[in-house]
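Some notes on the structure that comes next.
A quick note: this is a predicted structure, and the numbers were derived from the prediction, not measured. For this chain, numbers begin at 1 and follow the sequence in order.
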Amino acid sequence: MLRTLHIENIAVIRRADIDFSVGFSALTGQTGAGKSILIDSIGFLLGERAGRELVRSGETSATVQALFSDLDEGTTTRLAAVGVPADENGELLLERSMNAGGKSSARANGRPVSLALLRAAGMLLVNIHGQSDTHALTDSACHLAILDRYAGNAALLAEYRDRYAKWREISGRMADIEANDSARLREAEMLRYQIADIDAVSPKDGEEERLEEKKKRIRAAERISKQVNFSWRALAGGEKVNAVYILERTEAAVSSLTDVIPEAAEILPILLECREKIADAAERIRAFSEEEPGDTTRLLDAIEGRLESLEKLRRKYGATVGEVLAYRARAAQRLSELENADSLLSSLREEEIAARGEAEKSARALHESRIAAAEELTGLVLSNLAFLDMPKVRFSASVGLRKEGDGLFLQKDGADDVVFLLAANPGEPLRPLSEVASGGELARIMLALKSVITDKDGVGTVIYDEIDAGVSGGTARRIGISLLRSSAASQVFCVTHSAQIASLADAHYLIVKEEKEGRAETRVLPLDEEGRINELSRILGGIEITAAQRLAARELYTERSVYKEV
């Protein structure tokens, strides 16, 4: 559950610290007080896209933090699986900040996480339902996703999408090969030219670096020869005197002393080692000039010509010789495919048939799961709608299997068309929601669906933003009772303008906008019983709050205990 929420410098909210409890919480306030900003802040925390205009004007950054506690074993397991584990006490502290430039960062229990991980964790913790979700019900494209969520089809859908992608990849290769012959011939001819162009130069990986080094040494040949000759003569090649000769004479001198100075023998190995190392160094230095450069002008011309040839290849086929060689390998593979198109096409056709068969198998498994889930979902939604003052309504989740020839018509989510159908009045035929449902009916249908799905997917916190839009009176009361009952299984928040709903909540928060130091600020205030009566009276009343309105508000609030016990 969402235990605490800290908001700092989000739009008109300068700072807010709110403690929440289990059960059903109502959030009310006058139009423009900042209720939507509170919901936007939670959405921002959970990874929704946000622009830099979210940061309060004049501030350098904005932050939202939330502590989730009492997470059940299923939720902690799923959080760990997506890479955002809770701590050993079943708690998770999420934080997201954004600077005035629009750059944001996120943390989970103090550890930096990506926005993708934040979103994945948010989907497991909180379900936010806004008015846009209600309007989306008129788009049948979302019905399939709702049904799959209820059915728990994530694993089946992932398996299908893998098989579908494999089938589409093979089909694409076949279509490419089956392109008209003239196009294939032109491509093959171009590839042969490119391969021959590269082979004519026969580049070697790392060759440019070696040539540049060789060019550098040739240009320094005179200096190399001079310094090598000097070093060689000084160390070992001098006619009269050199380091090796001096060390040999020194060894002989020291050796002649060993009969009278025994410890002199200890120096002999050191002198020997020095002499051997100097002799080795001399030979290695001498080797620097063993290769005669010959005609340096001719050699440099040859190197420059080779480098120019390599550069031409790089301009055509890649930034480096390694990339040129990789391009040649790809070209050779593609040419082989084109030259062996018929045999390859035959092989691919067998693979395509097998891959399509596997995809159709997964699609049928999805279809069976969706059929079973649709029947179950229909019954539960109808039961909820009957309570929400729609007893005569007929609702159906229609699942149709798309066919193509002797097989299925496969698309990225399977081969099913899913449409939610409604008959709001007796005697009317079932028709798509978009054609028959009013705003109030859509709100109740969405609440019925959300209630069923929330029970199924185990999300611990559900937020409804004005689910009462388009309804009033007894219907709004029934929506409130439904929210109260659903809060037995999950923490429920509802932003509402309805006293019939707000009076049923376990906790009530008032969102107010005030002017402080010449600037507007929004605050969130938890209400006690008297505060709740005052707020309910305001919602029920007109310009002036009367005693009758206060009495009605108190009656609504007192009646809550009856429904709480049911």
Side-chain angles (χ1 to χ4, degrees), residues 78 81-82 116 119-120 123 133 136-181 183-184 187 333-334 337-338 340-378 381 395-422 430-435 449 452-453 456-457:
R78 290 191 291 272
V82 300
R119 280 191 286 269
M123 292 176 64
D133 297 310
L137 266 184
T138 61
D139 182 3
S140 60
C142 78
H143 299 173
L144 177 60
I146 292 173
L147 182 60
D148 277 338
R149 185 175 171 189
Y150 173 76
N153 280 339
L156 280 176
L157 195 56
E159 179 185 67
Y160 168 78
R161 285 173 175 166
D162 285 345
R163 292 179 174 183
Y164 174 79
K166 181 180 179 181
W167 168 63
R168 292 292 298 170
E169 188 271 333
I170 296 172
S171 297
R173 290 176 63 190
M174 289 177 60
D176 188 36
I177 292 173
E178 289 172 336
N180 64 74
D181 288 340
R184 275 199 289 164
E187 185 181 359
Q333 180 180 355
R334 177 60 178 159
E337 290 178 357
L338 293 174
N340 298 280
D342 292 337
S343 60
L344 180 60
L345 190 60
S346 177
S347 175
L348 286 175
R349 188 170 287 113
E350 293 180 4
E351 291 183 37
E352 189 270 343
I353 292 171
R356 182 181 176 87
E358 289 297 308
E360 285 203 5
K361 182 179 177 181
S362 287
R364 292 186 186 279
L366 268 174
H367 176 70
E368 293 302 320
S369 176
R370 287 164 177 166
I371 287 289
E375 183 177 352
E376 189 177 312
L377 180 67
T378 296
V381 169
F395 172 87
S396 175
S398 170
V399 181
L401 194 62
R402 295 187 293 264
K403 298 291 185 69
E404 183 179 43
D406 296 331
L408 303 181
F409 182 68
L410 302 178
Q411 291 188 308
K412 67 180 182 67
D413 291 324
D416 292 307
D417 283 318
V418 175
V419 181
F420 293 161
L421 305 173
L422 184 75
L430 286 166
R431 297 171 65 186
L433 289 182
S434 59
E435 298 179 12
L449 285 166
V452 171
I453 292 172
K456 193 84 170 179
D457 63 16

Which residues share a side-chain hydrogen bond (donor to acceptor under 3.5 Å, both in side chains) with E368, sequence neighbours left out: none

Between the side chain of S171 and the main-chain N/O of W167, is any donor-acceptor distance below 3.5 Å? yes

Is there any ring pair (Phe, Tyr, Trp, His ring centres under 6.0 Å) pair reaching into residues 399-420, and which pairs are they, with sequence neighbours excluded? H143-F420, F395-F420

Applying side-chain hydrogen bond (donor to acceptor under 3.5 Å, both in side chains), name anything that partners Q333, two or more places apart in sequence or on another chain. none

Heavy atoms, side chains only, cut-off 4.5 Å: are L449 and L377 in contact? yes

Quick one, K403 and L401 - any side-chain contact, counting heavy atoms below 4.5 Å? yes

Within the side chain of E360, is there an N or O that forms a donor-acceptor pair under 3.5 Å with the backbone of L408? yes

Partners passing side-chain hydrogen bond (donor to acceptor under 3.5 Å, both in side chains) against R163 (at least two apart in sequence or in another chain): E358, S362

By side chain to side chain contact (heavy atoms under 4.5 Å, CB included), E375 pairs with (sequence neighbours left out) none

Are the side chains of L422 and E435 in touch, meaning some heavy atoms are under 4.5 Å apart? no

Could you note down all residue pairs passing salt bridge (Lys or Arg N to Asp or Glu O under 4.0 Å) where residues 344-353 supplies at least one of them, sequence neighbours left out? E178-R349

Return yes if some donor-acceptor pair links the side-chain N/O of R168 with the main-chain N/O of Q411 below 3.5 Å, else return no. no

Residues at least two apart in sequence or cross-chain that pass ring-ring contact (aromatic ring centres under 6.0 Å, His included) with Y160, listed by chain then number, are Y164

Closest non-hydrogen atom pair, A120 against V82: CB-CB, 4.1 Å

Rounded to the nearest 0.5 Å, what's the gap from OG on S398 to CG on D417? Could you check? 8.5 Å

Going from CG on L410 to CG on D413, what distance comes out if it is rounded to the nearest 0.5 angstrom? 11.5 Å

Mind checking side-chain hydrogen bond (donor to acceptor under 3.5 Å, both in side chains) for E404 and listing every partner two or more places apart, or none if nothing turns up? none

Residues L366 and D416: closest non-hydrogen pair is C-OD2, 4.2 Å

Restricting to side chain to side chain contact (heavy atoms under 4.5 Å, CB included), what partner residues turn up for D162, sequence neighbours left out? none

With M123, which residues qualify under side chain to side chain contact (heavy atoms under 4.5 Å, CB included), at least two apart? none

Test: R370 and D148 ion pair at under 4.0 Å: yes

Can you measure from OG (S369) to CG (L147) and round to the nearest 0.5 angstrom? 7.5 Å

A side-chain contact here means heavy atoms from C-beta on lying under 4.5 Å apart; do L421 and R431 qualify? no

What one should report as the nearest heavy-atom pair of I170 and A355 is CD1-CB, 4.0 Å

Quick one: side chain to side chain contact (heavy atoms under 4.5 Å, CB included) partners of R173, sequence neighbours excluded? E169, E337, L344, L348

Report the residues that fulfil salt bridge (Lys or Arg N to Asp or Glu O under 4.0 Å) with R119, sequence neighbours left out, ordered by chain and then residue number. none

